[in-house]
Amino acid sequence: MKSALREQILTILAAIPSGRVTTYGRIAAMTEGGTPRLVARALRDLPKGHGLPWFRVITASRKLADHPGAAEQRDRLAAEGVMLDARGRAPTERLWP
DNA sequence: AGCGTGACTACCA
DNA sequence: ATGGTAGCCACGC
């Protein structure tokens with residue numbers, strides 16, 4: 001069986017509205033005992049066609065995390081109206097509480 | 001049990 | 001603001 005914590009992380013992930021983003025730390029804070037590392041690991045371990053909006057998760061500095069899917073993430077976010085500025089940072093208003 | 005690793009953060013120069 | 005560093009914590013070898 002999978003850890004309840006990971007399920008909670010995925011549940012929160014699925015709850016992020018389209019066109020909004022949130023951070024690893026925010027998700028971790030919403031869980032019980034979660035840490036940003038755990039959230040990152042949970043995303044990395046996701047199966048390919050899970051259908052969850054993994055691309056709506058960014059770092060605390062509002063940039064895309066350094067990972068192999070970053071380019072795709074940038075495109076997917078743009079498709080939802082989340083444009084990154086010249087420094088690659090997402091606007092604060094797009095942050096999901 | 002110990003050690004290295006990573007889709008992170010917070011802190012400090 | 002930018003870059004380096006220490007802390008964190010589950011996982012795999």
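Reminder, nothing fancy here: chain letters follow the sequence lines and each chain counts from 1.
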Check your understanding: Using the P atom in both, what is the distance from dC11(B) to dC9(C), to the nearest Å?
Key -> 15 Å

Look at all strands and tell whether L43(A) reaches a base, only sugar-phosphate, or nothing, counting heavy atoms closer than 4.0 Å. base

Y24(A) atom OH is separated from dG7(C) atom P, nearest whole Å, by 24 Å

Please examine the side chains of R20(A) and P97(A), heavy atoms only from C-beta on, and report whether any two atoms are closer than 4.5 Å. yes

Fill in: Test item: L64(A) and R74(A) side chains (from C-beta on) under 4.5 Å apart, heavy atoms
yes

Note to self: Strictly distance-based, threshold 3.5 Å: is any side-chain N or O of R56(A) a donor or acceptor partner for the main-chain N or O of I16(A)?
What the structure shows: yes

Co-membership, hydrophobic cluster, residues L95(A) and L43(A), 4.5 Å side-chain:
yes

Taken to the nearest whole Å, NZ/K63(A) to C1'/dG3(C) is 10 Å

Within the 4.0 Å heavy-atom criterion, would you say R44(A) contacts the bases, only the backbone, or no part of the nucleic acid? base

With a 4.0 Å cut-off (strictly under) to non-hydrogen atoms of chain A, the first and last hit nts on DNA chain B, 5' to 3', are dG6(B) to dA10(B)

Separation between CH2 (W54(A)) and CD (Q73(A)), nearest 0.5 Å, reads 5.5 Å

task = Could you check if a side-chain atom of T22(A) sits within less than 4.5 angstrom of a side-chain atom of I27(A), using non-hydrogen atoms only?
result = yes

Whole-Å distance, R41(A) CZ to dA10(C) P, equals 11 Å

